[in-house]
Novice: 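The structure is given below, and queries will be raised subsequently.
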Amino acid sequence: VKQIAGRAGRFGKYDVGYVLTMDTPEHIEYCLKEETPPVTHLTIPFPQEALSSDYSLQELLDTWQELPPVEGFSREDMWESMVLYEEMKPVPKKATKEEVFSCITCPVDVKSPELVAYWKSCCQAFFRKESMPHPDFIDEDELTLEDCELQYAALDVYSRMLKRSGEKDETMVEKLQ
């Protein structure tokens with residue numbers, strides 16, 4: 001609540017900040033007056049600056065995963081990205097480490113073979129500079145809840161890979177106009 005109120009009030013930019021609530025102003029006031037607990041643990045993201053080094057992406061990922069734990073800190077878990085990296089092999093020769101890293105860090109449920117296969121087709125399109133394939137692999141006549149969840153996850157992959165490629169979904173652009 002304090003973070004949201006700080007942003008809403010532009011904390012540090014103005015002397016007074018105003019927070020509006022539609023319900024339970026007492027709760028907001030209580031949260032703002034409550035002492036903030038100290039930070040006791042930090043998660044450190046994978047250092048993307050390392051991609052510019054002479055080490056291979058595989059070496060960087062392996063080294064990152066093998067770093068010893070330090071009290072109060074944890075490192076971003078790159079296990080799923082490593083699974084996707086293996087799925088991507090052989091990596092296109094002209095692909096940069098940054099491009100490959102961008103693809104393997106796309107959130108994908110690696111336990112779903114259909115979703116990983118779809119992600120892989122998006123990566124192939126990405127590296128070939130082709131249009132992203134639409135995630136239309138579910139029979140819409142007999143949709144189950146699991147099918148809907150899979151389609152939703154596939155649309156998330158589609159959206160994220162479109163963003164990585166800089167491509168726009170012309171169908172969505174047409175619908176918005």
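In what follows, residues are counted from 1 in the order of the sequence shown. The figures that follow rest on heavy atoms only: side chains count, while hydrogens, waters and symmetry mates do not.
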Novice: What is the distance from atom NZ of K163 to atom SG of C106, rounded to the nearest 0.5 Å?
Specialist: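 Atom-to-atom, K163:NZ and C106:SG are 11.5 Å apart.
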
Novice: Could you go through E66 and T63, starting from their C-alpha distance and side-chain angles, then the distance that decides it, and tell me whether this counts as side chain to side chain donor-acceptor pair (under 3.5 Å)?
Specialist: CA-CA 5 Å; E66 294 167 2; T63 301; 5.4 Å; no

Novice: Distance check, rounded to the nearest 0.5 Å: K120 atom NZ versus L115 atom CG?
Specialist: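 One gets 14.0 Å once the value is rounded to the nearest 0.5 Å.
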
Novice: Please table the atom pairs, donor to acceptor, closer than 3.5 Å between any side-chain atom in residues 78-86 and protein atoms at least two apart or in another chain.
Specialist:
{"from": "S81", "atom 1": "OG", "to": "I104", "atom 2": "O", "distance (Å)": "3.1"}
{"from": "E86", "atom 1": "OE2", "to": "K89", "atom 2": "NZ", "distance (Å)": "2.9"}

Novice: Side-chain contact test, heavy atoms from C-beta onward, threshold under 4.5 Å: evaluate it for Y118 versus P133 and give yes or no.
Specialist: yes

Novice: In Å, rounded to the nearest 0.5 Å, how long is the span from CE of M132 to CZ of F126?
Specialist: 6.5 Å

Novice: Let me check something: any side-chain donor-acceptor pairs from residues 27-36 under 3.5 Å, sequence neighbours excluded? List them with distances.
Specialist:
{"from": "E29", "atom 1": "OE2", "to": "K33", "atom 2": "NZ", "distance (Å)": "2.9"}
{"from": "Y30", "atom 1": "OH", "to": "E34", "atom 2": "OE2", "distance (Å)": "3.2"}
{"from": "T36", "atom 1": "OG1", "to": "K2", "atom 2": "NZ", "distance (Å)": "2.8"}

Novice: Test of understanding: with side chain to side chain contact (heavy atoms under 4.5 Å, CB included), list the residues that count as partners of S52, not counting sequence neighbours.
Specialist: none

Novice: Would E99 and R128 pass as an ion pair if we require N to O under 4.0 Å?
Specialist: no

Novice: In Å and rounded to the nearest 0.5 Å, what is the CD to OG distance from E149 to S112?
Specialist: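 It comes to 11.0 Å.
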
Novice: What's the verdict on side chain to side chain contact (heavy atoms under 4.5 Å, CB included) for S53 and K97, showing C-alpha distance, side-chain angles and the deciding distance?
Specialist: CA-CA 10 Å; S53 72; K97 280 189 278 189; 4.2 Å; yes

Novice: What distance do M161 atom CE and S121 atom OG have between them, rounded to the nearest 0.5 Å?
Specialist: 9.0 Å

Novice: Please check this pair: side chain of D147 against backbone of T144, looking for a donor-acceptor N/O pair closer than 3.5 Å.
Specialist: yes

Novice: Which value, rounded to the nearest 0.5 Å, describes the distance between H134 atom NE2 and C122 atom SG?
Specialist: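 Those atoms lie 10.0 Å apart.
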
Novice: Measure the acute angle between the ring planes of F46 and W64, then classify it against the limits of 30° and 60° as parallel, tilted or perpendicular.
Specialist: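 Perpendicular, since the angle between the ring planes exceeds 60°.
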
Novice: Could you please spell out the steps behind the side chain to side chain contact (heavy atoms under 4.5 Å, CB included) verdict for E76 and T105?
Specialist: CA-CA 11 Å; E76 176 184 13; T105 54; 5.9 Å; no

